[in-house]
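Here the structure comes first, spelled out in structure tokens, and everything after it is commentary.
Residue numbering restarts at 1 for every chain, and letters A, B, ... go by the order of the sequence lines.
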Protein chains: 2
Amino acid sequence: MNDNQADEALLALAQSFREALRQSVYVMRRLDSEEQLSSAQLGVLKMALDGAARVGGIARNLGVKVPSATEQIIKLERAGLVKREADPDDSRAVRVAATAAGRAAVENADRRRNEFIAGILGTLSEAERHAVEAALPVFDKINHSVQY
Amino acid sequence: MNDNQADEALLALAQSFREALRQSVYVMRRLDSEEQLSSAQLGVLKMALDGAARVGGIARNLGVKVPSATEQIIKLERAGLVKREADPDDSRAVRVAATAAGRAAVENADRRRNEFIAGILGTLSEAERHAVEAALPVFDKINHSVQY
DNA sequence: TCCTAACAGTTAGGTTACCTAAATATCAAG
DNA sequence: CTTGATATTTAGGTAACCTAACTGTTAGGA
């Protein structure tokens, strides 16, 4: 295979990959639509589980801007799932910590969503499941290589 | 492996899969943010390429409700990328057809986005690329099995 | 010491892409 | 020729993001 053919193949793979990405957005929406907690909120809430998350760190980890994180945090706070407290080391900063209710909400949401997906994965053949399993770390690598 | 262990494994795979989904949404946003044409608009525009798309069909194919499709179509029409014309066979219906500019815009957008993704895929090892290639049809199957 | 630049977060205001419900127009079956 | 179903648009609303501007805090010189 010469360089040109290699490029063609790569572009074709990229096209299929993009199609998968597009559908993923759709699947995420479906997954969200059944639930109380949105993905955005679940993401923030998970960051707050260890109790030491700062707003900026949460935003960076989720790939959103700080005001977007603040917005979700405020919603979670109103729902009683996190609390905000002053950072003892830096009074500019705010520490976000999940409450007991928040912790329970994460477990619940994760369980329900995982069961939904597991139900689908369960219909796959052994070989298909292996293919997914083998690709996930690569997807992870690809996703992480898309910089802000 | 007994059933219980199988379930555990499936749930763990589901968790990783969900993480990949979450990141995909993020990648899609990045991909969109550089471009004139949003994914939503590009999706609609592609449906209009064969010139025979009806609003309801476009919506169904994209997994959105009809008013959402109408909204995107109106934007594309204002941008001169599609035109709306009465369906000769059913005057309730509207046929959406890409204009020459629309056709060019799709080619351009696809090329740019594919090149971006291909650039990333090009950094993978042979084995990693094969893993992605093998998994994409399975992802497709999974994505399609998530019903409205 | 005190000034100032950098930093952490919030507030204000705007955009995009969805949604549901209601309105309009047409079709088709009895 | 009426009536229920179908195709689309309009109206109004929501969630999650963004940038710019503002407030308060820190820290590193002069």
Item to complete: For C/dT10, take OP1 and OP2 only and decide whether either is under 4.0 Å from a side-chain N or O of A/T70.
Response: yes
Item to complete: Identify whether any heavy atom of B/R84 sits under 4.0 Å from a base atom; if not, whether one sits that close to sugar-phosphate; answer base, sugar-phosphate or nothing.
Response: sugar-phosphate
Worksheet item: Can B/Y26 and B/R30 be counted as having a side-chain donor-acceptor contact under 3.5 angstrom?
Response: yes
Worksheet item: What's the CD-C1' distance between B/Q36 and C/dT15, to the nearest Å?
Response: 17 Å
Item to complete: Identify whether any heavy atom of B/E71 sits under 4.0 Å from a base atom; if not, whether one sits that close to sugar-phosphate; answer base, sugar-phosphate or nothing.
Response: base
Discussion item. On a heavy-atom basis, which atom in A/R112 and which in A/E34 lie closest, and how many Å separate them?
Written reply: NH2-O, 4.1 Å
Practice prompt. With heavy atoms under 4.0 Å as the rule, sort B/V64 into base, sugar-phosphate or nothing.
Written response: sugar-phosphate
Response to the item:
Contact check, residues 40-51 of chain A vs DNA chain D, heavy-atom distance under 4.0 Å, returns A/A40, A/Q41
Discussion item. Looking at B/R60, I want to see if its CZ is surrounded by more than 12 non-hydrogen atoms of other residues, nucleotides or ligands under 6.0 Å.
Written reply: no
Worksheet item: Could you give the NZ-to-P distance, from A/K65 to C/dT10, as a whole number of Å?
Response: 17 Å
Worksheet item: Does A/R54 reach the main-chain N or O of A/V96 with its side chain, forming a donor-acceptor pair under 3.5 Å?
Response: no
Discussion item. Among residues at least two apart in sequence or on other chains, which ones pass side chain to side chain donor-acceptor pair (under 3.5 Å) with B/E85?
Written reply: none
Item to complete: Mind checking side chain to side chain donor-acceptor pair (under 3.5 Å) for A/S16 and listing every partner two or more places apart, or none if nothing turns up?
Response: none
Worksheet item: Which whole-number value in Å describes the distance from B/N61 CG to D/dA7 P?
Response: 14 Å
Fill in: Donor-acceptor contact present, side-chain B/S24 to main-chain B/A20, <3.5 Å
yes
Discussion item. Nearest heavy atom decides the nucleotide; on that basis, is A/Q72 or B/A69 closer to the 5' end of DNA chain D?
Written reply: B/A69
Item to complete: Could you grab the distance from atom CZ of B/F17 to atom CZ of A/R129, nearest 0.5 Å is fine?
Response: 13.0 Å
Fill in: For atom CG of B/L62 and atom P of C/dC19, their distance in whole Å
11 Å
Practice prompt. Keeping the roles fixed (side chain from A/T99, backbone from A/G80), state whether a donor-acceptor pair exists under 3.5 Å.
Written response: yes
Worksheet, complete the sentence: The single option from B/R29, B/Q23, B/R22 that satisfies side-chain contact (heavy atoms from CB on, under 4.5 Å) with B/V25 is B/R29
Worksheet, complete the sentence: By side chain to side chain contact (heavy atoms under 4.5 Å, CB included), A/R111 pairs with (sequence neighbours left out) A/N108, A/E115
Discussion item. From CZ of B/R30 over to C1' of D/dC17, roughly how many Å is that when rounded to an integer?
Written reply: 11 Å
Worksheet, complete the sentence: Atom CG of B/D32 and atom C1' of C/dC18 are separated, to the nearest Å, by 14 Å
Worksheet item: For the side chain of A/V66, counting heavy atoms from C-beta on, which of C/dG9, C/dT11, D/dT8 is nearest?
Response: C/dG9
Discussion item. Starting the side chain at C-beta, find the nucleotide from D/dT10, C/dC18, C/dA8 nearest to A/R29.
Written reply: C/dC18
Discussion item. Rounded to whole Å, please give me the gap between CZ in B/R60 and P in D/dA7.
Written reply: 8 Å
Discussion item. Looking at C/dA17, I'd like to know if its phosphate oxygens (OP1 or OP2) sit under 4.0 Å from a side-chain N or O belonging to B/S68.
Written reply: no
Discussion item. When you compare the side chains of B/D32 and B/S39, does any donor N or O come within less than 3.5 Å of an acceptor on the partner?
Written reply: yes
Worksheet item: Given axes from five pairs at either end, by how many degrees does the helix from C/dT1-D/dA30 to C/dG30-D/dC1 bend, rounded to 10°?
Response: 0°
Item to complete: Would you kindly give the CE-to-C1' distance between A/M28 and D/dA16, to the nearest whole Å?
Response: 13 Å
Item to complete: Would you mind building the protein contact string for nucleotides 21-30 of chain C? One character per nucleotide, 5' to 3', B for base within reach (heavy atoms under 4.0 Å), S for sugar-phosphate only, - for untouched.
Response: B----BS---
